[in-house]
2 protein chains.
Amino acid sequence: MKREKISELTTNRLSVYLRCLNELASAGIKTVSSQELAEQFNLNSAQIRKDLGYFGEFGVRGIGYFVDDLREHLTKILGLDRPHRVGIVGAGRLGTALANYHGFSKSTFTVVALFDNDKEKIGGHIGPSRIPILDVKKIEKVVRDQTIDVAVIAVPARAAQRVLNQIMAAGVKAVLNFAPALLKARLGVKVKTVDLTTSLESLSYFLARPQETQVVSARRSGSARKRVETRTSRQL
Amino acid sequence: MKREKISELTTNRLSVYLRCLNELASAGIKTVSSQELAEQFNLNSAQIRKDLGYFGEFGVRGIGYFVDDLREHLTKILGLDRPHRVGIVGAGRLGTALANYHGFSKSTFTVVALFDNDKEKIGGHIGPSRIPILDVKKIEKVVRDQTIDVAVIAVPARAAQRVLNQIMAAGVKAVLNFAPALLKARLGVKVKTVDLTTSLESLSYFLARPQETQVVSARRSGSARKRVETRTSRQL
DNA sequence: CTCTGTGAAGTCATTCACAGCG
DNA sequence: CGCTGTGAATGACTTCACAGAG
């Protein structure tokens, strides 16, 4: 077990592996090899072994990985063995949709409050679990009282940095940002931005290309043998 | 002007640059240097020049870039000078939220239809522009009639691959996927997956670490001079 | 003199390839 | 044997550093 800095690409993949393992487990499958896993998401098997190798030696040579065992390890590594309490700032369409989104409220993540500055909305409740909409001014107090450790920013771009500053002041260390804005966070605070506009515009670029003649490129003629693990598109 | 394969990281950044240029333009600013742009999003200025350099020589030495000029170029490069028509599959919470989301419906992207398989929902309309909810079975016909060129998948994971297949059969080449699933697309079809679960779990990993002592590492003592362009977190 | 455009160098990520365990 | 774990090789992306245009 090393102690290197783990890239976010790796942690993203760990999350995906875990999801797959959960499916395997409920299908009653007991063991899985890195090769089998790799085929699920078109990925190289060495990638998976490397990713896991950062955290320990979980496999058995000649066999592969025990599904339940690896599942537990990944759950622990990702910190999903402890519950997380989520606050969503912005009770607009996106914020309220996210509050209800299963997979967001799922399992270890519980949305405990929404915040807004609109007097009309404050005092209201969202969804079947009646998540309260609170005044964004009270965010610092609520974060502490409710032990919120993850914040979601779902406000317009121009308000995003201000909101982030409030969130950071309240001591939250992990933020998922949906505002199309470049936020400056201080060291020790992790901001992940999901920028829908950029995603769409990037797709638009792809559409604008003259079909980008897919370069199948035979490479150095001799060794093009095992070009089987086709990776059409790197989704991970 | 070269003709290399452009990485998605580059196209994502181009989108961000464009957004920034639009802001600069409406602030009445006429020219901007790569250095100034780089400071906005903590990024290296050479990165910006490289990104732009793939597509032409847009700058003026000693000056920088003319905002309006560069804006037009990027708009064209990203294919945002032509309108895109978007179909959203899945009229659940997320799908309907996205249909209303400004920035999604904004400017060149118009959501023209939602699709669902729920008889209760089919025939209904969403939002002020009354976007119709149609039977997902009719997707192929509607895509052609309405010339939809971008699809959004907002259905549960287990249905996602099936929906993607239908979408591809209808001839759509660009897909934004919100289902937490590894989709297999055929060559020539671009799928971008936004996986909220993975984003959250990745944040959870970060929280689980013992504060990951931020390695400020003085590096090879001598040449640590210009370590000013702090890149706390690579958000792009 | 300033700022672009770009090879060269550097850093980070993925894939290969194989020793060695079970 | 089959499959893991991992150095070494390759490839991708970023940053440096500087020639040269304005």
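This structure is a prediction, so every number in the text was calculated from the model and none was measured. Proteins get letters first, then strands, A, B, ... in listed order; numbering begins at 1 in each.
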Mind checking the CG-OG1 spacing from B:Leu176 to B:Thr193? Nearest 0.5 Å is all I need. 8.0 Å
Search all heavy atoms of A:Met168 against all heavy atoms of A:Lys184 and return the closest pair with its distance.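 It is CE-O, 4.0 Å.
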Indicate the atoms forming the closest heavy-atom contact of A:Lys173 with A:Gly188, along with that distance.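 Minimum heavy-atom contact is CD-O, 3.3 Å.
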Between [X] ([atom1]) and [N] ([atom2]), how many Å, whole number?
{"X": "B:Asn42", "N": "D:dT15", "atom1": "CG", "atom2": "C1'", "result": "15 Å"}
{"X": "B:Asn44", "N": "D:dA17", "atom1": "CG", "atom2": "C1'", "result": "11 Å"}
{"X": "A:Phe41", "N": "C:dT14", "atom1": "CZ", "atom2": "C1'", "result": "16 Å"}
{"X": "A:Glu8", "N": "C:dA13", "atom1": "CD", "atom2": "C1'", "result": "14 Å"}
{"X": "A:Leu37", "N": "D:dG5", "atom1": "CG", "atom2": "P", "result": "12 Å"}
{"X": "B:Phe55", "N": "C:dT4", "atom1": "CZ", "atom2": "P", "result": "18 Å"}
{"X": "B:His73", "N": "C:dG5", "atom1": "NE2", "atom2": "P", "result": "11 Å"}
{"X": "A:Asn12", "N": "C:dT14", "atom1": "CG", "atom2": "C1'", "result": "16 Å"}

For the pair B:Phe109 and B:His84, name the ring-plane relationship: parallel under 30°, tilted 30 to 60°, perpendicular over 60°.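 The arrangement is parallel - the two ring planes meet at less than 30°.
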Between [options], which nucleotide gets closest to the side-chain atoms of [X]?
{"X": "B:Arg61", "options": "D:dT15, C:dC3, C:dC16", "answer": "C:dC3"}
{"X": "B:Arg49", "options": "D:dT14, C:dT6, C:dC18", "answer": "C:dT6"}
{"X": "B:Leu9", "options": "C:dG5, D:dG22, D:dC13", "answer": "D:dC13"}
{"X": "A:Lys5", "options": "C:dT4, C:dT15, C:dC12", "answer": "C:dC12"}

Under 4.0 Å: is that the gap between some side-chain N or O of [X] and OP1 or OP2 of [N]?
{"X": "A:Ser34", "N": "D:dC3", "result": "no"}
{"X": "B:Ser7", "N": "D:dC13", "result": "yes"}
{"X": "A:Tyr65", "N": "D:dG5", "result": "yes"}
{"X": "B:Arg13", "N": "D:dT14", "result": "yes"}

For B:Arg71, look at atom CZ and say whether over 12 heavy atoms of other residues, nucleotides or ligands are found less than 6.0 Å away. yes
Classify A:Gly62 by what it touches in the nucleic acid, base, sugar-phosphate, or nothing, heavy-atom distance under 4.0 Å. base
Looking at every strand, decide which applies to B:Thr10 at a 4.0 Å heavy-atom threshold: base, sugar-phosphate, or nothing. nothing
Would you say the side chains of B:Glu36 and B:Gln40 form a donor-acceptor pair under 3.5 Å? no
Between A:Asn12 and A:Glu8, a side-chain donor and acceptor under 3.5 Å: no
Single hit among B:Val111, B:Val150, B:Ile148 for side chain to side chain contact (heavy atoms under 4.5 Å, CB included) with B:Ile88: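 Result for side chain to side chain contact (heavy atoms under 4.5 Å, CB included) with B:Ile88: B:Val111.
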Would you kindly compare B:Asp51 and A:Gly64 by the position of their nearest DNA chain D nucleotide and give the one closer to the 5′ end?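 Mapping each residue to its closest nucleotide by heavy atoms, the 5'-most match is A:Gly64.
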Overall bend - the helix from C:dC1-D:dG22 to C:dG22-D:dC1, comparing terminal axes fitted on five pairs, nearest 10 degrees: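 Terminal axis comparison yields 10°.
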Between A:Ile63 and A:Ala46, name the one whose nearest nucleotide on DNA chain C is closer to the 5' end. A:Ala46
Classify the side chain of A:Lys50 and the base of C:dT15 as holding, or not holding, a donor-acceptor pair under 3.5 Å. yes
